[in-house]
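All chains are named by letter (A, B, ...) in the order of the sequence lines, taking the proteins before the strands, and each is independently numbered beginning at 1.
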Number of protein chains: 2
Amino acid sequence: MSNAKTSIAKRRKMSDIRKDNLKQILLSAENLFAERGYSSTTISAIALQAGLPKANVLYYFKTKETLYKEVLTQLLVLWMQHMDEMTSDQHPNEALPRYILQKMKQSKQQPNASRIFAAEILHGAPYLREQLQTDLKAQFIKTCQVFHDWIAKKWMDPISPEHLLFMIWSSTQAYSDFALQSSLLMDKDELDDNDFDAGLELISRLVLKGCGINLV
Amino acid sequence: MSNAKTSIAKRRKMSDIRKDNLKQILLSAENLFAERGYSSTTISAIALQAGLPKANVLYYFKTKETLYKEVLTQLLVLWMQHMDEMTSDQHPNEALPRYILQKMKQSKQQPNASRIFAAEILHGAPYLREQLQTDLKAQFIKTCQVFHDWIAKKWMDPISPEHLLFMIWSSTQAYSDFALQSSLLMDKDELDDNDFDAGLELISRLVLKGCGINLV
DNA sequence: AAATATCCTGACCTATGGGTCAGGTTTTGG
DNA sequence: CCAAAACCTGACCCATAGGTCAGGATATTT
């Protein structure tokens, strides 16, 4: 009763406070980093959007860099997921379209991940280099191997696994990274479901036909 | 003789001085903006790289924003070139691979253009919106019309012209925007000619086969 | 209920970077 | 050769943003 906070929202456990605040900060940071990039994003802005005083944000994350790294790490997990769901025993006519679909869904539903990731790489990946060379690379090699196996089984033409993957990544992520450009060119406020469907269809079609993968 | 400058490099005309300095400044700015992005790039850094005092850079460009806009405008021209070389009377089995080749060449030889452009769009295109909605859009519509004509002539399957163009842009530009990622994943210092060739071949193949374009 | 750990925050410090300016030098035009 | 125009620049100004800190509030433990 002595204090507005505790009277309105009844006592919260400390662990809850911490969890809630961290979540809010990370969410706000993610949005702002995606929107403005690392150096244009200020801690005050993050604090404001998170509904906390600046000093409180600094209480949880000693530096802006720490906060950014944390956001990055979380997003890399997101970015990498689904890749390992393609395996050698699946036929590419199922596995590839499914992966493309998942990447497109992510571009639609979580554009921030791809955008922050893109900006980081564009500027030399100063904070992500390590993880790219370890985590992502391991998964990359595995996936290339899967493609390779598919080729050996004559399930697809002998194309370069590495470059096929690069192509799938870039063309699907374009639907978040360059969505603004696309929508400007097509006279829309933003991309709608039809656009994502059209993109999905086109990319799947090009990959399947281009790799000589027989439809069932 | 009274001064080191004039004694070493004999007198330069004023217009030359201006031209040289502008060139140096724009070049340095381009490199730094591409490398670090807009807000991480300082005028002092640009000046240093251009071999001029900071105040001299500010003499030519009143503000950092002016300089950035100038760089952007120059790069947009670069970025857009070649698109208008595809016309309705050409067969796509020639025109498309040629365009893809040109985009790939640009990714290799002038990666800065694509990178600065990408960063600008990623962050909401605050300085480029106008030109996207006028210049680029005009060219975009024309090119889509060309694709449309090809489809009408049964030279290619009825795919979405807009999304095909998005796909070509994103997959070719990836060879500059995400070159770092690719090289890290493939254990190289940087992409070499073979990589660009492999990318070119793969993208061309996917586009041609995917769009059902008959090779001659 | 007292002691302790965690959380919170306004006020403050400092470095940096964009931008100004006054006074200089060099080039040009007459 | 002289005046005007163009060019140059070290020193300065100031707003901002990252980060510190001391002291207070709240929660937990004993």
Trace of the side-chain contact (heavy atoms from CB on, under 4.5 Å) decision for B/E70 with B/L26: CA-CA 8 Å; B/E70 185 59 35; B/L26 284 168; 3.7 Å; yes
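- With hydrogens and angles left out, the side-chain atoms of A/Y60 and A/Q24 include no donor and acceptor closer than 3.5 Å.
- In this structure, OH of B/Y60 is placed 12 Å from P of D/dA6, rounded to the nearest angstrom.
- Spacing between atom CD1 of A/I43 and atom P of C/dC12 amounts to 20 Å, rounded to whole angstrom units.
- One atom, NZ of B/K19, and another, C1' of C/dT27, lie 17 Å apart when rounded to the nearest Å.
- With rounding to whole Å, B/Q24 atom CD is found 17 Å from D/dC8 atom C1'.
- Within 4.0 Å of B/S40, counting heavy atoms only, lies no atom of the nucleic acid at all.
- Between the side chains of B/E65 and B/T63, not a single donor N or O lies within less than 3.5 Å of an accepting N or O.
- For the side-chain hydrogen bond (donor to acceptor under 3.5 Å, both in side chains) with B/Q81, the qualifying choice from B/Q139, B/Q106, B/Q102 is B/Q106, the only one to do so.
- Side-chain atoms of A/I17 lie closest to C/dC7 of the nucleotides C/dC7, D/dT9, C/dG19.
- Comparing D/dC7, C/dC21, C/dG18 by their closest approach to the side chain of B/K54 singles out C/dG18.
- Between B/N56 and D/dG10 there is no side-chain N or O to OP1 or OP2 distance below 4.0 Å.
- Protein atom CG of A/D20 is 10 Å distant from nucleotide atom P of C/dC8, rounded to whole Å.
- Of the candidate nucleotides D/dG18, C/dG19, D/dC8, D/dG18 has the atom nearest to the side chain of A/K64.
- For the pair A/L52 CG and D/dA25 C1', the computed distance is 16 Å after rounding to whole Å.
- Nucleotide D/dG19 holds its C1' atom 14 Å from the CG atom of A/L67, rounded to whole Å.
- Counting only N and O atoms by type, the side chains of A/S40 and B/S39 include a donor and acceptor under 3.5 Å apart.
- Rounding to whole angstrom units, NZ of residue A/K62 and P of D/dC21 are separated by 10 Å.
- Checking C/dG18, D/dT20, C/dT20 against the side-chain heavy atoms of B/L58 singles out C/dT20 as nearest.
- Looking at the side chain of B/P53, the nearest of the listed nucleotides D/dT9, C/dT20, D/dC21 is D/dT9.
- Taking only side-chain nitrogens and oxygens, A/R18 comes nearer than 4.0 Å to OP1 or OP2 of C/dC7.
- Between B/Y59 and D/dC8 there is no side-chain polar atom (N or O) within less than 4.0 angstrom of OP1 or OP2.
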